[in-house]
Amino acid sequence: MGKTGLQLSVLSLGSWVTFHKQFDDDIADELMGIAYDNGVNFFDNAEVYALGESEKMMGRVLTKKSWERSSYVVSSKVYFGWHGKENKPNQSGLSRKHIFEACHEALIRLQVDYLDLFFCHRPDKNVPIEEVVLSMNQLIQQGKILYWGTSEWSGVEIMEAHRVASDYKLIGPCVEQTQYNLFERNKLENEYLEIFRKTGMGTTIFSPLASGLLTGKYNNGIPEGSRLGLEGFQWLKEIWTTAEKTQKVRDLGKIADQLGVQLAALSIAWCIHNPNVSTAILGATRKEQLDDNLKALEILPLLTPEILQEIEAIVQTKPRLPEY
């Protein structure tokens with residue numbers, strides 16, 4: 001994970017939308033077991049996922065599994081709170097009060113003694129960055145978290161956090177969780193490039209399949225029970241299911257067919273081909289789906305310069321970098 005020395009599996013398992021919303025403890029137990037047995041060592045979560053129920057479910061599974069604590073990495077995130085529309089003042093954001101309380105609540109829900117990674121889920125314009133860095137540093141000193149990071153922060157905000165950490169001799173962020181896929185590329189391939197060079201930042205990228213669009217399952221509509229068909233996710237549907245994107249997915253499917261692989265695994269392999277990706281977070285609701293996605297590692301050798309050029313010709317989403 002960047003320059004930290006922490007080893008993350010190239011593929012990891014996340015819980016947004018799926019845990020509690022789409023399946024129960026038995027399926028969570030099965031999927032986490034399959035992932036762990038296949039070398040996955042990072043399990044991602046957040047206070048806001050299913051309003052805390054996702055962390056509770058993951059905590060029950062981890063307790064039942066009785067895996068050695070040193071063999072896996074678990075995360076949580078702070079910002080949105082877990083009360084939803086019932087959030088009261090100080091139950092969301094990045095005030096020192098909420099950061100500390102969110103950490104303690106996550107430890108209880110996940111049934112662990114410490115968090116390996118603790119992310120600031122979004123920047124908080126109402127809190128000085130000095131306060132955020134100091135709060136995270138204190139949690140590290142107290143042994144409640146090992147590393148802290150950011151999620152969906154701008155490059156300027158991340159570097160400001162590093163400046164504060166350097167000025168005050170504190171521990172700065174070392175990992176960013178950002179969206180990265182064939183349709184969403186600017187931060188990882190443009191905005192963060194100098195941060196990678198200067199700080200050695202790691203990344204735990206999410207949505208490598210663009211919320212399922214890059215599986216091809218939305219090519220002919222929204223299947224029942226799929227993520228984009230869930231209540232409350234209309235906004236996600238509007239982002240991804242455009243005619244232009246759907247046609248590009250159909251064309252990408254032809255490349256996958258030529259290679260004899262699943263489009264989903266090809267799309268994930270494309271993400272982890274980027275050396276600045278520490279780990280790609282997978283989401284799955286079925287054993288077969290997870291098994292197929294884990295095959296992305298086997299597809300990496302197939303990503304020749306020619307194949308990558310073919311993919312680029314279809315998506316045409318490569319960020320244009322400054323000339324100087």
Open item on the list: I'd like to know if the side chain of Q111 and the backbone of L62 have a donor-acceptor N/O pair within less than 3.5 Å.
Closed with: no
Open item on the list: Hydrophobic clustering (ILVMFWY, side-chain heavy atoms < 4.5 Å, transitive) - are I307 and I314 grouped together?
Closed with: yes
Open item on the list: Could you tell me if D44 and Q177 have a donor-acceptor pair between their side chains, going purely by distance under 3.5 Å?
Closed with: yes
Task: Enclosure of K65 NZ (heavy-atom neighbours >12, cutoff 6.0 Å) - done: yes
Open item on the list: What's the separation between atom NZ in K245 and atom CG in L182, rounded to the nearest 0.5 Å?
Closed with: 12.0 Å
Open item on the list: Within the 4.5 Å heavy-atom criterion, are H98 and V78 side-chain neighbours or not?
Closed with: yes
- [ ] Any chance you could measure L139, atom CG, to H104, atom NE2, to the nearest 0.5 Å?
- [x] 6.5 Å
- [ ] Give a yes-or-no answer on whether the side chains of S76 and N45 include a donor-acceptor pair shorter than 3.5 Å.
- [x] no
- [ ] Measure the spacing between CD of E244 and CZ of F183 and express it to the nearest 0.5 Å.
- [x] 8.0 Å
Open item on the list: Whether the E47 and Y79 side chains hold a donor-acceptor pair (N or O, under 3.5 Å, no angle test) is what I'd like checked.
Closed with: no
Open item on the list: Donor-acceptor pair, distance only, cut-off 3.5 Å: does the side chain of E152 make one with the backbone of T178?
Closed with: no
- [ ] Say whether, by atom type as modelled, one donor and one acceptor occur between the side chain of N41 and the main chain of Q7 under 3.5 angstrom.
- [x] yes
Task: Approximate separation, where rounding is to 0.5 Å, of C271 SG and R185 CZ - done: 9.5 Å
TODO: Kindly compute the distance separating CG (D29) from CE (M57), expressed to the nearest 0.5 Å.
DONE: 10.5 Å
